[in-house]
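These values consider heavy atoms only, across backbone and side chains, with no hydrogens, waters or symmetry-generated copies.
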Amino acid sequence: GNNGIAWILFTLAMSCWFIGEYTYSYENEYDIEDLSTFLPDFFYVIGYPLVLGFMIFYLKPRKDIITKKMILASSLFSLIVVFPSLYISFDAVRDADALTLFLDAIYPILDGIVLIPAIVAVFLFFRGQVNLLWTMILFGILLNVIADTAYLIFSLDKTFYPGHPINILYVWSYVMYGFGALSHLKIFKKRK
């Protein structure tokens, strides 16, 4: 059913992000002649629609209790959170080529898109209609948004380096996703 599809998409998303992390190289500059320099970005970007699909399929059975006010408030909050990253992206790379602008802007846009259903789900959590999984996913996504914004700032300043403290936020976002999945598994085992 919807839950099964949701968890398959979640697993695929985390797998894509793991491959993206694994193939990321600090020394590589983007080179249009060498497409392997885009491999991590390919896997990171592919992970976002999978996460969005996970959220949609997980929330689908609850569509009757999701109001337009929730969606509007979530969209507004998402826009407020993501706007600084977009502003920095477009302001800092005015003279850059289209590919660089695309790569700098795609992550804040995708972060904002996946943030909307996560916030809707947290509204439902506080009403007691979904479990702790969604709070953990929201925290994970928020940490990811903060980390992506900070990465953008530091990489534009050319001060990002291997082992930068910002990487801790990425690791903690994965920890939040893991705790969310663990809490859901505990509930599932109790129901059996």
Side-chain angles (χ1 to χ4, degrees), residues 1-14 16-17 20 41 44-94 101-153 166 169-170 172-184 187-188:
N2 287 328
N3 270 349
I5 294 170
W7 284 106
I8 290 169
L9 292 172
F10 183 78
T11 303
L12 291 173
M14 292 302 119
C16 282
W17 284 352
D41 290 303
Y44 289 137
V45 170
I46 291 297
Y48 281 98
L50 294 169
V51 167
L52 183 64
F54 158 71
M55 292 179 185
I56 289 170
F57 275 101
Y58 197 87
L59 291 174
K60 197 174 186 179
R62 296 159 183 86
K63 67 181 175 189
D64 296 336
I65 56 176
I66 297 173
T67 65
K68 290 180 182 178
K69 282 184 182 180
M70 283 184 200
I71 295 171
L72 183 63
S74 300
S75 300
L76 217 64
F77 181 76
S78 176
L79 190 62
I80 289 169
V81 169
V82 173
F83 181 75
S85 294
L86 286 172
Y87 179 76
I88 292 166
S89 295
F90 290 117
D91 187 49
V93 291
R94 287 183 194 159
L101 182 62
F102 172 77
L103 289 173
D104 285 345
I106 191 70
Y107 291 106
I109 292 168
L110 292 173
D111 284 336
I113 291 170
V114 297
L115 194 56
I116 294 169
I119 296 169
V120 167
V122 169
F123 282 138
L124 297 177
F125 170 75
F126 284 116
R127 287 179 161 182
Q129 295 166 328
V130 294
N131 59 22
L132 181 65
L133 162 75
W134 287 102
T135 305
M136 294 292 110
I137 285 181
L138 175 68
F139 287 143
I141 290 172
L142 283 174
L143 286 171
N144 210 24
V145 169
I146 294 166
D148 282 345
T149 304
Y151 173 79
L152 180 66
I153 292 168
I166 292 305
L169 296 176
Y170 287 116
W172 270 102
S173 71
Y174 292 123
V175 169
M176 292 295 140
Y177 297 142
F179 279 133
L182 183 66
S183 75
H184 186 74
I187 290 171
F188 184 72

Quiz item: Would you find more than 12 non-hydrogen atoms of other residues, nucleotides or ligands less than 6.0 Å from F139 atom CZ?
Solution: no
Quiz item: What do the steps show when you test Y107 against N144 for side chain to side chain donor-acceptor pair (under 3.5 Å), and what is the final call?
Solution: CA-CA 10 Å; Y107 291 106; N144 210 24; over 6 Å; no
Quiz item: Which pair of non-hydrogen atoms, one from D111 and one from V82, has the smallest distance, and what is that distance?
Solution: C-CG2, 4.3 Å
Quiz item: Around F179, counting heavy atoms of other residues, nucleotides and ligands shown, do more than 12 lie under 6.0 Å from its CZ?
Solution: no
Quiz item: More than 12 heavy atoms of other residues, nucleotides or ligands under 6.0 Å from CH2 of W7: is that the case?
Solution: yes
Quiz item: Tell me the side chain to side chain donor-acceptor pair (under 3.5 Å) pairs involving residues 50-76, sequence neighbours left out?
Solution: Y58-H184
Quiz prompt | R127 versus I65, closest heavy-atom pair with distance | solution = NH1-O, 3.4 Å
Quiz item: Under a 4.5 Å cut-off applied to non-hydrogen side-chain atoms, are M176 and L142 in contact?
Solution: no
Practice problem: Quick one: sort the Y177 and W17 rings into parallel, tilted or perpendicular, breaks at 30° and 60°. | Solution: tilted
Practice problem: Can you see which heavy atom on I166 is nearest to which on Y151, and at what distance? | Solution: CG2-N, 4.2 Å
Self-check item: Minimum heavy-atom distance between G140 and S173, given as atom pair plus value
Solution: O-CB, 3.2 Å
Quiz item: Taking all atoms of both residues into account, what is the closest heavy-atom pair of L169 and A147, and its distance?
Solution: CB-CB, 3.7 Å
Self-check item: Residue pair M70 / V120: nearest heavy atoms and the distance that separates them
Solution: O-CG2, 4.0 Å
Self-check item: Partners passing side chain to side chain donor-acceptor pair (under 3.5 Å) against S78 (at least two apart in sequence or in another chain)
Solution: none
